[in-house]
*Asks:* 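One structure, pasted below without further comment.
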Amino acid sequence: MSAPLMTETPERVLAVYAHPDDPDISCGGTLARWAGAGSAVQLVICTVGDKGTSDPTADPDQLVAARVDEAKRSAEVLGLGGLHLLGHLDGDIENDRSLRAELVRIIREVRPEAIVCPDPTAVFFGEHHYNHRDHRVVGWAALDAAAPAAASPLYFRDRGPAHQVAAAYLTGSLEPNIWVDVESTIERKIEAVACHRTQLSDAGDWISAALREGAEHAGVEVGAKYAESFRRIWLAT
Ligand SMILES: [Zn+2]
């Protein structure tokens, strides 16, 4: 039984998320911490974020171009070693064989010790919010791709040699069981989220305050000033 505050750093990490701003908001402090500690951290963004606006006159092509640029800049801020943009459309993504094949190929190339992805079982958050379908779809697809598919040599035989991921770290979970201290990287998380200008309705410090508040709330659980929480599932022992 390990302590709920995680101090070790996985050697190689693959984060898998739906939209360009999801990883920064969900676990940007942890990804920056691990990258800063020498971990090779790569990121998969499954969609292009083409519907991420409330403006009916917005040009989707322009929005996509801006969001790709934002994703690249935020990956630099977090110190990531690789960014894989799969290019699916918002709302159209499915946990089907095609998506799992794409993810298995990347997992077998990157060969991560840990994957990080949304908790697909987290649906209802209080009385005012439920989880976006793309987050749920990508969470299940990432888990299904990691195990058994990527770990089993007879799955997707044309997508590289099998690789066993040791653990999955699920974000946005209603059942967290492990926390990472992000006091040293909370500023970079805020900076990374701020790269996504298309997703911020106005200037100001509200997003910074909201991110600090969320990290403070998570930190209370483990006596840290700022933390991010995960549901860790061991895929191999
Ligand atoms: Zn999202």
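For ligands, and for the atoms within them, numbers begin at 1 and follow the listed sequence.
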*Asks:* Just wondering, is there an N, O or S atom on His135 that's nearer than 2.8 Å to the Zn ion (ligand 1)?
*Replies:* yes

*Asks:* So that I can tick it off, tell me whether Arg133 and Glu94 are bridged by a salt bridge, with the cut-off set at under 4.0 angstrom between side-chain N and carboxylate O.
*Replies:* yes

*Asks:* Taking Ala149's backbone N and O only, do any of them form a donor-acceptor pair with Ser152's side chain (distance below 3.5 Å, no angle check)?
*Replies:*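 Not a single qualifying donor-acceptor pair exists.
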
*Asks:* I'd like to know: is the Zn ion (ligand 1) within the 2.8 Å range of an N/O/S atom from Asp22, strictly under that distance?
*Replies:* yes

*Asks:* So Phe230 and Trp34, would you call those rings parallel, tilted or perpendicular, with 30° and 60° as cut-offs?
*Replies:* parallel

*Asks:* Should we say atom CD of Glu216 is surrounded by more than 12 heavy atoms from elsewhere, each under 6.0 Å from it?
*Replies:*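 Yes.
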
*Asks:* Tell me, which N, O or S atom in His19 is closest to the Zn ion (ligand 1)?
*Replies:* ND1

